[in-house]
Asker: 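Below you will find the structure I want to go over with you.
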2 protein chains.
Amino acid sequence: MATAYAVQQHSDLPRMRPAPPPPRKAEAGIIPLLPGITTELHRIGTPVAVARGEEVCAAGSPTDYVYKVVDGTLRVSRLLPDGRRHIASFLMKGDFFGFADLGDYSHSLEALTDCALIRYPRRRFDAVLEADPQAGQQMFRLLCQQFNAANELLMTLSRKTAAERLATFLIAMTRRQGGAGSRQVALAMPRVDIADHLGLTIETVSRVVTQLRRQKLIDLRGSNDVMLLNPDGLEDLAGD
Amino acid sequence: MATAYAVQQHSDLPRMRPAPPPPRKAEAGIIPLLPGITTELHRIGTPVAVARGEEVCAAGSPTDYVYKVVDGTLRVSRLLPDGRRHIASFLMKGDFFGFADLGDYSHSLEALTDCALIRYPRRRFDAVLEADPQAGQQMFRLLCQQFNAANELLMTLSRKTAAERLATFLIAMTRRQGGAGSRQVALAMPRVDIADHLGLTIETVSRVVTQLRRQKLIDLRGSNDVMLLNPDGLEDLAGD
DNA sequence: CGAGCTCTTGATGTGGCTCAAGAATCGTGG
DNA sequence: CCACGATTCTTGAGCCACATCAAGAGCTCG
């Protein structure tokens, strides 16, 4: 489960992709922040600031902490030995990380933007969950949501076309960022992250974006600022 | 979230695949079975027998029950409106179904073999989880496992080749069925289910099986009885 | 023992990947 | 505020892994 293996190329494997450059290790500067948690958890959390591009924790390292996102966007990713990458999810305000991992983190957590997090020592976190049923319920519900999101993505990756994947992604991101009726998204992640999330390449993502634009389903104001011109049409394309 | 939509073909969508025939509805015959659960849960469970091919519950129907598998193998699947299918997981002895779904089931549950299940009324199930922290913890751990399995599959579907996917699948199934050192699997599911699990077609699965056989990585005794001739080689191929 | 599956194999097609330039965009320092 | 180097994004040409289409070959179970 370690991240940086030597490359052991197999005879007929796809050619290797250079692994993305390892992000700088987070300095974990302590900043003052109101926790805003409704349970016992707020007593054991420490506010932490993380700069854009920093790695908060590495896949394979021991799960010493659980994190809650207060502000900013992060990516949850994992590498194959030869550098192929998958981004399991993007985390935003209110999302938790690390409480489903047992011994070690299965994924890395990296900041896409400057972020404000709250860090909970794992042992105490577990202790609170045991002692406070309220908190336990809340974490259980949260884990359910994450599990359901993972299953959505499974359907998307296993059976949808590139255009359907992107439509699904854009709708989901728009909802998360602005609520149900919203028609605008400021995507915090570059194309390569979208590609690695959707099981595509940057080029394909780029091509599909222009295709959706030509079909008047979306419009761009700067490459990461997306406007949904025809949400119903997009939804239709996304399927289910 | 309903299953049987009218087909609304989009201009340039992939051609439709005929939806798999709807399985017969389960008769849910009550049979005598020892529950074998270590918590309060055993008091509210009812043994249920389900015949091969029957649907235990349908995607989109209300989550009236949670199920535990006592014996047999089932598939957890979901359809796109045009019939494309994904199988999220296969359930075996000890696995639970339905406790992560909120209002309605997001997936269908269908028996691949004759099965023995235990059925828990959802309301009472939730009540037990609230009252019995022991049971709550157990379900939380179980959900963690399912979540981690889903993430494994995400990595597989997003970035692995057909051969790597099948190798990953065969190793996982072998471990689940016979433990770490085992070298044999009796696959309970037909090729089409493997294909829908791994995001491939039957033909590709079939071709990869023969390819792995030619490479002396596996051998078959009957099309569903697999022997791992070279587990390390397979593992290598599976990656990570 | 034969009807209906499921599985295998072959021929051909194609969606998305790879390789290769450019064009925008973004930081950064002068 | 602008120049410019670096990064990200777009676009094109060609290719390849896997899908599709089409037969057969085994199984399985009345």
Side-chain angles (χ1 to χ4, degrees), chain A residues 10-18 20-21 23 51-53 82-85 112-114 156-166 186-196 198-214 218 220-226 237, chain B residues 10-18 20-21 23 51-53 82-85 112-113 156-166 186-196 198-214 218-226 237:
Chain A
H10 202 275
S11 51
D12 48 7
L13 275 177
R15 49 225 124 284
M16 183 184 69
R17 190 222 317 219
R52 177 172 195 260
D82 65 0
R84 281 175 284 173
R85 185 178 68 152
L112 279 165
T113 66
D114 290 347
T156 297
L157 294 184
S158 71
R159 289 302 181 199
K160 290 188 187 176
T161 65
E164 291 168 343
R165 292 181 201 198
L166 198 63
L187 298 174
M189 67 294 294
R191 298 282 186 271
V192 65
D193 286 345
I194 299 176
D196 282 349
L198 298 177
L200 301 170
T201 60
I202 332 178
E203 293 95 329
T204 297
V205 171
S206 195
R207 274 184 253 270
V208 172
V209 165
T210 47
Q211 177 194 317
L212 295 182
R213 201 146 49 121
R214 292 222 184 87
I218 66 174
L220 298 194
R221 290 215 162 293
S223 58
N224 288 341
D225 197 357
V226 182
L237 176 56
Chain B
H10 203 275
S11 52
D12 48 8
L13 275 176
R15 47 228 120 284
M16 185 184 67
R17 193 231 305 232
R52 179 173 194 258
D82 66 358
R84 281 175 283 172
R85 185 178 67 152
L112 279 165
T113 64
T156 298
L157 293 185
S158 71
R159 288 305 181 199
K160 290 189 188 177
T161 66
E164 292 168 342
R165 292 181 201 197
L166 197 63
L187 298 173
M189 68 294 294
R191 297 283 185 271
V192 65
D193 286 345
I194 298 176
D196 282 348
L198 298 178
L200 302 169
T201 60
I202 339 176
E203 294 95 329
T204 298
V205 171
S206 195
R207 274 185 253 270
V208 172
V209 165
T210 47
Q211 176 195 318
L212 295 182
R213 202 145 51 119
R214 291 221 186 86
I218 65 173
D219 196 16
L220 299 194
R221 290 213 163 294
S223 59
N224 288 340
D225 197 357
V226 181
L237 176 56

Asker: Take the protein atom CD1 of B:I218 and the nucleotide atom P of C:dC7, then report the distance between them rounded to whole Å.
Answerer: 14 Å
Asker: Rounded to the nearest angstrom, tell me the gap between atom CG in A:L157 and atom C1' in C:dG16.
Answerer: 14 Å
Asker: Please table the atom pairs, donor to acceptor, closer than 3.5 Å between any side-chain atom in residues 200-207 of chain A and protein atoms at least two apart or in another chain.
Answerer:
unit_1: A:T201; atom_1: OG1; unit_2: A:T204; atom_2: N; d: 3.3
unit_1: A:T201; atom_1: OG1; unit_2: A:T204; atom_2: OG1; d: 3.1

Asker: Do nucleotides 6-13 of chain D as a string where each nucleotide becomes B, S or -: B if the base has a protein heavy atom under 4.0 Å, S if just the sugar-phosphate does, - if no protein is that close.
Answerer: ---SBBBB
Asker: If I take atom CG in residue A:D114 and atom C1' in nucleotide C:dG27, what distance separates them, rounded to the nearest angstrom?
Answerer: 15 Å
Asker: Among B:L198, B:T161, B:I194, B:L166, which residue meets the side-chain contact (heavy atoms from CB on, under 4.5 Å) test with B:V208?
Answerer: B:L166
Asker: When you check the phosphate oxygens OP1 and OP2 of C:dG16, does a side-chain N or O of A:T201 lie under 4.0 Å from one of them?
Answerer: no
Asker: Nearest whole Å is fine: how far is C:dT9 C1' from B:L212 CG?
Answerer: 16 Å
Asker: How would you list, by chain and number, every residue that makes a side chain to side chain donor-acceptor pair (under 3.5 Å) with B:D225, sequence neighbours excluded?
Answerer: none
Asker: Just report the end-to-end axis angle for the helix from C:dC1-D:dG30 to C:dG30-D:dC1, five pairs per end, to 10 degrees.
Answerer: 50°
Asker: In whole angstrom, give the distance that lies between atom CG of A:L112 and atom P of C:dC26.
Answerer: 16 Å
Asker: Without decimals, in angstroms, what is the distance between B:K160 NZ and D:dC18 P?
Answerer: 14 Å
Asker: Is any side-chain heavy atom of B:N224 less than 4.5 Å from a side-chain heavy atom of B:R191?
Answerer: yes
Asker: In chain order, what residues pass the side-chain contact (heavy atoms from CB on, under 4.5 Å) check against B:T113, with sequence neighbours excluded?
Answerer: B:T73, B:C115, B:A188
Asker: When the distance from CZ of B:R84 to P of C:dG15 is rounded to whole Å, what number comes out?
Answerer: 13 Å
Asker: Could you go over nucleotides 1-3 of chain C and give all protein N or O partners under 3.5 Å, atom names and distances?
Answerer:
none

Asker: What is the distance, to the nearest angstrom, from the CD atom on A:E164 to the P atom on C:dG15?
Answerer: 12 Å
